[in-house]
Amino acid sequence: MLGYLSVGVFIDGGYYAKVNRALKAIESSIIKVRSLFDFICGRLAYEEGVNPSDCQITEAHYFRGRYRVKEAYDRHLLYNERKFEDTLIENDVVFHYKHLREVEKNGEVQVIEKGVDVWFALEAYELATFRKFDYVVLITGDADHEMLVRKLKALKIKTVLLTWNLTDVDATSPLLKEEAGHHWELSNIVQQDPGLKKHLLYRLRESAVNPLGDDF
């Protein structure tokens, strides 16, 4: 049993956005960041047998590609981005962005998010090395992070994979699940505890669903 738990949280923004899009379509809701963080601390404190007040998220980081300002303006995304960033700031989440690139291929324009996964992995590993977290929580389903989990385990840092699979498209990589020491699948957890689902989600008013946009 540890006397105090220091937790680092690293959020794959693309994955997080997929979950929110699915929740908006199914539940007309989105995740409340503060409630999600409270759930993480509460569950880790319970599993380690410490007081919840002695379990703290000491750092939280969010990684995502995004459009340059003119492209975001043309797509009516600036308000959505700032609104979501306000939520991150209010919860002391450090956000890391790289510009998206558009590439024409076979007559179609494709949006490429290049380098974000590598940045996610490098930052998580470096911070875990220097901050010496007791736990690292990864919010992602991407197979590319399998080696990150393996490296964190080599540092003897307990690693939690937190996912919320609501559609087949968002299914978590089996390799990532196998590598993670702990896997919390929220779709299963909230089925056993309906009250938790209500706590984790912010119910959108009908008029607020569209203005919030599809990216968050």
Side-chain angles (χ1 to χ4, degrees), residues 7-27 29-31 33 36-37 39-40 43-44 47 57 59-66 84 88 93-98 100-101 103 105 110-129 133-192 196-197 200-201 214-216:
V7 182
V9 176
F10 297 86
I11 304 169
D12 176 341
Y15 178 81
Y16 189 89
K18 285 181 181 178
V19 173
N20 265 340
R21 281 198 296 270
L23 285 169
K24 282 196 284 186
I26 298 168
E27 307 276 354
S29 302
I30 57 172
I31 299 169
V33 176
L36 181 63
F37 286 1
F39 164 76
I40 290 170
R43 180 155 179 147
L44 288 177
E47 292 186 355
I57 294 175
E59 290 200 34
H61 296 261
Y62 175 91
F63 298 80
R64 197 171 182 202
R66 75 172 183 182
F84 183 68
L88 297 180
V93 180
V94 180
F95 37 91
H96 307 260
Y97 293 121
K98 285 183 70 69
L100 294 169
R101 293 193 302 166
V103 177
K105 187 174 181 180
Q110 298 180 355
V111 179
I112 297 177
E113 186 182 70
K114 191 171 180 61
V116 177
D117 286 344
V118 174
W119 192 12
F120 178 104
L122 289 173
E123 197 78 13
Y125 182 77
E126 182 180 46
L127 287 171
T129 301
F133 302 120
D134 297 303
Y135 274 91
V136 166
V137 177
L138 303 176
I139 302 177
T140 184
D142 195 331
D144 289 344
H145 295 129
E146 175 196 352
M147 291 307 300
L148 167 61
V149 174
R150 187 174 299 179
K151 287 292 187 180
L152 290 172
K153 288 163 61 179
L155 294 175
K156 296 182 171 55
I157 295 173
K158 295 179 180 179
T159 306
V160 174
L161 176 65
L162 190 154
T163 59
W164 197 334
N165 292 328
L166 296 160
T167 68
D168 292 338
V169 176
D170 298 330
T172 305
S173 161
L175 293 175
L176 187 60
K177 286 194 291 187
E178 289 174 11
E179 193 62 51
H182 305 268
H183 178 214
W184 298 348
E185 172 47 56
L186 280 171
S187 63
N188 296 331
I189 294 172
V190 297
Q191 280 185 353
Q192 301 168 12
L196 174 62
K197 186 175 186 179
L200 288 174
L201 298 183
D214 292 329
D215 283 344
F216 300 100

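All of these numbers come straight from a predicted model, not from anything done at the bench.
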remark   = Applying side-chain contact (heavy atoms from CB on, under 4.5 Å) to Glu146 and not counting sequence neighbours gives Arg150, Leu175, Glu179
ask   = Sequence neighbours excluded, which residues qualify as ring pair (Phe, Tyr, Trp, His ring centres under 6.0 Å) partners of Phe37?
value = none
For His96, all residues meeting side-chain hydrogen bond (donor to acceptor under 3.5 Å, both in side chains), sequence neighbours excluded = His61
task = Would you please name every residue forming a side-chain hydrogen bond (donor to acceptor under 3.5 Å, both in side chains) with Lys197, sequence neighbours left out?
result = Glu27
key: Under 3.5 Å: donor-acceptor pair, side chain of Tyr16, backbone of Phe63   = no
note = Sequence neighbours excluded, the answer for ring pair (Phe, Tyr, Trp, His ring centres under 6.0 Å) partners of Tyr125 is none
request  = Take Val160 and Leu44 through the test side chain to side chain contact (heavy atoms under 4.5 Å, CB included) and record every step on the way to the result.
outcome  = CA-CA 10 Å; Val160 174; Leu44 288 177; 4.2 Å; yes
message = Which residues pass the side-chain contact (heavy atoms from CB on, under 4.5 Å) test with Lys98, not counting sequence neighbours?
response = Val116, Trp119
request  = Using side-chain contact (heavy atoms from CB on, under 4.5 Å) as the criterion, list what pairs up with Leu100, not counting sequence neighbours.
outcome  = Tyr67, Val111, Glu113
inquiry  = I'd like to check the side-chain hydrogen bond (donor to acceptor under 3.5 Å, both in side chains) partners of Asp12; sequence neighbours left out, ordered by chain and number.
reply    = Thr140
task = Using side-chain contact (heavy atoms from CB on, under 4.5 Å) as the criterion, list what pairs up with Arg43, not counting sequence neighbours.
result = Phe39, Glu47, Trp184, Ile189
note = For Phe133, the ring pair (Phe, Tyr, Trp, His ring centres under 6.0 Å) test, sequence neighbours excluded, returns none
query = Taking only residues two or more places apart in sequence or in another chain, which ones pass side-chain hydrogen bond (donor to acceptor under 3.5 Å, both in side chains) with Thr159?
reply = none
